[in-house]
Amino acid sequence: MSAFLDIFSGANVQWVLIGSLLLGFASGVIGSFVLLKKQSLISDAMAHAALPGVCIMYIIFEIKSVPLFLVGATITSLIATHSIQAIIKHSRVKSDAAIGIIISVFFGFGIVLLTYIQQNSSGNQAGLDSFIFGQAASLVRSDVELITIGAFILVIITALFFKEFKLTTFDPQFAQGIGLPVSFLNGLLLALVVGVVVIGIQMVGVVLIAALLITPPLAARYWTENLGVMAILGGIFGALSGASGAILSTVMENLPTGPMMVLSASTIFFLSLLFGSKKGIALKAVRQV
Amino acid sequence: MHALSVNNLAVTYDKQPVLENVSFAVPEGSLTGIIGPNGAGKSTLIKSILHLLPTLSGNVTVFDEPYKQQKKLIGYVPQRSEVDWDFPTDALDVVLMGRYSHIGWFKRANRKEIEWAKTCLDKVGMADYANRQISQLSGGQQQRVFLARALAQDAKVYFMDEPFSGVDAATEKAIIKLMKEWKQEGKTVLVVHHDLQTVEDYFDHVLLLNKTPIEYGETQKVFTLDNLERAYGGKIAFLQRGTAVTQEVK
């Protein structure tokens, strides 16, 4: 037990804990809108597509810089979403297949670039190899500071545009009718998703970050019928998943962090599905009796 | 001065023309029913007037000013089926959405706005449902929430897209009462409507549409069998049978 507590007294672990809490909170809040907009799969494609963008930036500039990664990830994620829309519009391919194609193409390309970096430069030292499944233990203080600031900014922006996001999600036509800039707001939400992906890439990895966006708000939906409460609860569930995933992967050495976070989030979701106070299965069963 | 004037509007979808040469001008304080067969472009017309769809050509003016400068004067009741009613919110919150352009960016609704939204719910007989989840409302009640939201907009020109489709008697009455009130207040209303049986009761103006306006004007002059035949073409036999069915139901 004391060995367990010792781990928490380590400065690095405390940093990781703070970072994972905030990252989880931001992804849960933003994920609430993604989920209600029915863009879960699109956000997964965007996360996977962020990998080649980040790698290209590293190859060009040879430094690990979050602002540069943000630019690269935004560019490739946007290319991915536009490609999905173009495929749906100009061919007979349906949206699920279009998303499937784009995810694999961009992720495959990202893996190729990542392998190239690892073989040809100091990519291992930069921690780029952990970008696939995430490794909290590889974070240093400056990484966590960036996650903290980034998560804070993302949550503030979401709170500022809460009312407008709500209306464009619920009824985009009415929103446009009263003069809200709907395309701008949709673009802003996508940008927030890219923001979560980029600040979370080292800790969670691109493969599973979409699960951290979707699962906590999905669990929250079982407890409330109010969007504001859902977003905050989604944030809390995300923070819990993030922190427990980070701790578990640090305590049990060499476990990847992303999968541990997603397993934590899935546990919360499963409990909510069963016992949620608004839509839980147990509640329905009790009502029927 | 006309409340609404549409000039040479044309809309295509997948390179197929959906609306062509649409020009008409609606007098202030009138109640217009937009009538036509399925696929005539009725909903498309409303949406393109409201700039929700891209148009190929044409322009829209509201009280002689370009539409974009007059957005605050426009109220809109979309088709109920176009939104996801499982969205986590309540009736009052939906009505408040009609006030967002008045509330402005980065601000929350204040007490005055909330009171006004409650008044609007009360006017459509939904005062008791303010805090009810929208997923738990009946179809007619959902329609009345949309009406209250339009009411909350406090607009001068209202567009409604098939408000009567699939609603109960109480909701139908609420819609008719509201339209009459709007007319008395000098507001202008355009309604996409399906039931030919009720056109003469509800509307003082009619736009007969089939990809292009067949006729526009006062109901008694425009709503004639001749004109209906021109708008509905060969489907008129079916139409008369449909009318008979409606009478039976009544």
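Since this is a predicted model, take the numbers as computed values, not measurements. Proteins come first, then strands; the chains are lettered A, B, ... in the order of their sequence lines, and each starts at number 1.
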Inset, instruction - Run the salt-bridge test on A/D171 and B/R149 with the 4.0 Å N-O cut-off and return the result as yes or no. - result: yes
Legend entry - Engaged part of A/K89 at the chain B interface, taking heavy atoms whose separation is under 4.5 Å: neither
Inset, instruction - Report yes or no: do B/S23 and B/N7 form a side-chain donor-acceptor pair below 3.5 Å? - result: no
Inset, instruction - Go through the atoms of A/K38 and report whether side chain, backbone, both or neither lie under 4.5 Å from a heavy atom of chain B. - result: side chain
Legend entry - Choice from A/M230, A/E164, A/K278 maximising heavy atom contacts with chain B below 4.5 Å: A/E164
Legend entry - Part of B/K107 within contact of chain A (heavy atom distance under 4.5 Å): backbone
Legend entry - Spatial distance of atom CD1 (A/I214) from atom CG (A/L35) [nearest 0.5 Å]: 5.5 Å
Inset, instruction - Compute whether any side-chain donor of one residue and acceptor of the other, for B/H2 and B/E28, lie under 3.5 angstrom apart. - result: no
Inset, instruction - Identify which part of A/T169 has an atom lying under 4.5 Å from any heavy atom of chain B, answering side chain, backbone, both or neither. - result: both
Legend entry - Side chain, backbone, both or neither of B/V94 within contact of chain A (heavy atoms, under 4.5 Å): side chain
Legend entry - A/L36, part contacting chain B, at a heavy-atom distance under 4.5 Å: side chain
Legend entry - Centroid-centroid under 6.0 Å between A/F269 and A/F237 rings: no
Inset, instruction - Counting only heavy atoms closer than 4.5 Å, note whether B/I134 contacts chain A via side chain, backbone, both or neither. - result: side chain
Inset, instruction - Measure B/F159 against the heavy atoms of chain A and call it side chain, backbone, both or neither at under 4.5 Å. - result: neither
Legend entry - Salt-bridge contact B/K187-B/D154 (side-chain N to carboxylate O under 4.0 Å): yes
Inset, instruction - Check whether B/D86 gets within reach of chain A through its side chain, its backbone, both or neither, counting any heavy atom under 4.5 Å. - result: both
Inset, instruction - Using a strict cut-off of less than 4.0 Å between a Lys/Arg side-chain nitrogen and an Asp/Glu carboxylate oxygen, indicate whether B/R99 and B/E113 qualify as a salt bridge. - result: yes
